[in-house]
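The structure presented is a predicted model; accordingly, all values stated were derived computationally and were not measured.
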Amino acid sequence: MLYLASRSPRRSELLTRLEVAFRTLDIDIPEVRAAGEAPEAYVRRVALDKALAGLARVADDPQAVVLGSDTEVVLGDRVYGKPVDADDAAAMLATLAGRTHRVITAVALAAKGRHALEVVTSEVSFAPMSAAQIQAYVATGEPMGKAGGYAIQGGGERHISHLAGSYSGVMGLPLQQTAALLAAFAVGAADDSMDKGE
């Protein structure tokens, strides 16, 4: 049985595109970057923590494979989490506007006695944004709950001038790399008895 250790509707939607059956787990892992922890190391650690916590939750299923993922927006050495309020979202967008940042997504799979992890880094360039444009976007409410204060699959896309890397990775789950990990763990669509997204 494949389990997705995430409350993110975007990750559920993306995983469904791979036509694998899965169930979701509501896992709450502290996402706190340690002092001196490199951005990629932080993203890797959180993704693996989610997968392992999910595996512990379904320990009674010997066939369980748990997918954990984490996505962070990084500019320089700063890791942008989710904005705490509208002002925070506007401040994030103001620093990203007119610049190129990295989006780092880690995908971890964990099963009994085994785990594997893949990291995908994409580069996203924002066009310059006026204060009015930023406020208008923040007013939609979309930036809330999104790393870096934007959703590439939503209204944020109109402000992105260039993307180099994985579009689905920026959304929260790089599909090509995730599919390869699932294949390595022999997870596929063969078992139709599972309920997708349950």
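- Both Leu52 and Val43 belong to a single network of hydrophobic side chains, linked directly or stepwise wherever heavy atoms of I, L, V, M, F, W or Y lie under 4.5 Å apart.
- In summary, of the residues considered (Val20, Val120, Leu173), a side-chain contact (heavy atoms from CB on, under 4.5 Å) with Thr178 occurs for Leu173 alone.
- Residues Val65 and Leu14 share a hydrophobic cluster, clusters being chains of Ile/Leu/Val/Met/Phe/Trp/Tyr side chains in contact below 4.5 Å.
- Counted by atom type alone, Arg11 and Thr71 present one or more donor-acceptor pairs between their side chains at under 3.5 Å.
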ask   = Is there a side-chain contact (heavy atoms from CB on, under 4.5 Å) between Val124 and Tyr150 once you walk through the steps?
value = CA-CA 11 Å; Val124 179; Tyr150 74 92; 3.8 Å; yes

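- No continuous path of ILVMFWY side-chain contacts below 4.5 Å connects Val46 to Ile27, so the two sit in separate hydrophobic clusters.
- Within the model, atoms OG of Ser122 and CG of Leu163 stand 6.0 Å from one another, a figure rounded to the nearest 0.5 Å.
- Looking at heavy atoms from C-beta onward, Met1 lies out of side-chain contact with Gln63 at the 4.5 angstrom threshold.
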Stepwise side-chain hydrogen bond (donor to acceptor under 3.5 Å, both in side chains) test for Ser168 and Arg17 = CA-CA 11 Å; Ser168 58; Arg17 294 182 192 177; over 6 Å; no

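- The two residues Ile29 and Ala53 make their nearest non-hydrogen contact at CD1-CB, 3.6 Å.
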ask   = Run the salt bridge (Lys or Arg N to Asp or Glu O under 4.0 Å) check on Asp70 and Arg44 step by step: do they pass?
value = CA-CA 8 Å; Asp70 187 53; Arg44 292 172 66 94; over 6 Å; no

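- Note that CD of Glu13 and OG of Ser8 are 9.0 Å apart. Values are rounded to the nearest 0.5 Å.
- Nearest approach of Ser69 to Val107, heavy atoms of both residues: OG-CG2, 4.0 Å.
- Note on Leu18: it clusters hydrophobically with Phe22, by side-chain heavy-atom contacts below 4.5 Å among ILVMFWY residues.
- Between Phe126 and His101, the distance from one ring center to the other falls under 6.0 angstrom.
- A donor-acceptor pair under 3.5 Å links the side-chain atoms of Glu142 to the main chain of Gly155, judged by distance alone.
- Val119 and Phe185 are members of different hydrophobic clusters when ILVMFWY side chains are connected at heavy-atom separations under 4.5 Å.
- Atom-to-atom distance recorded for Leu25:CG and Leu4:CG is 7.5 Å, nearest 0.5 angstrom.
- Closest heavy-atom contact between Asp77 and Pro39: OD1-CD, 3.6 Å.
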request  = In sequence, state the C-alpha distance, the side-chain angles, and the governing distance for Tyr3 and Asp61, and then conclude on side-chain hydrogen bond (donor to acceptor under 3.5 Å, both in side chains).
outcome  = CA-CA 11 Å; Tyr3 297 90; Asp61 179 357; 3.0 Å; yes

Stepwise side-chain contact (heavy atoms from CB on, under 4.5 Å) test for Met144 and Lys82 = CA-CA 7 Å; Met144 305 313 297; Lys82 298 165 185 171; over 6 Å; no

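- Between the side chain of Gln135 and the backbone N or O of Ala132 there is no donor-acceptor pair closer than 3.5 Å.
- To the nearest 0.5 Å, the span separating OG on Ser166 from CD on Gln176 amounts to 8.5 Å.
- Contact between Glu72 and Glu31 at its shortest, heavy atoms only, is OE2-OE1, 3.7 Å.
- Between Arg78 atom CZ and Leu96 atom CG the span is 7.5 Å, to the nearest 0.5 Å.
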inquiry  = Using side-chain contact (heavy atoms from CB on, under 4.5 Å), reason through Ile160 and Ser125 one step at a time and then give a plain yes or no.
reply    = CA-CA 6 Å; Ile160 293 171; Ser125 300; 5.9 Å; no

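- One distance of note links CG of Leu2 with CG of Leu109; it measures 7.0 Å at 0.5 Å rounding.
- Panel note: side chain Arg33, backbone Glu37; a donor-acceptor pair is recorded below 3.5 Å.
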message = side-chain contact (heavy atoms from CB on, under 4.5 Å), that's the test. Do Met171 and Gln153 meet it? Break it down for me.
response = CA-CA 7 Å; Met171 281 181 66; Gln153 74 278 16; 3.6 Å; yes

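- What you find for Thr105 and Gly169 is that their closest heavy atoms are OG1-O, 2.7 Å.
- When every heavy atom of Ala106 is checked against every heavy atom of Leu117, the shortest pair comes out as CB-CD2, 4.5 Å.
- Heavy atoms from other residues, nucleotides or ligands lying under 6.0 Å from NE2 of His115 number 12 at most.
- A donor and an acceptor atom, one from each side chain of Thr95 and Tyr80, are located under 3.5 Å apart.
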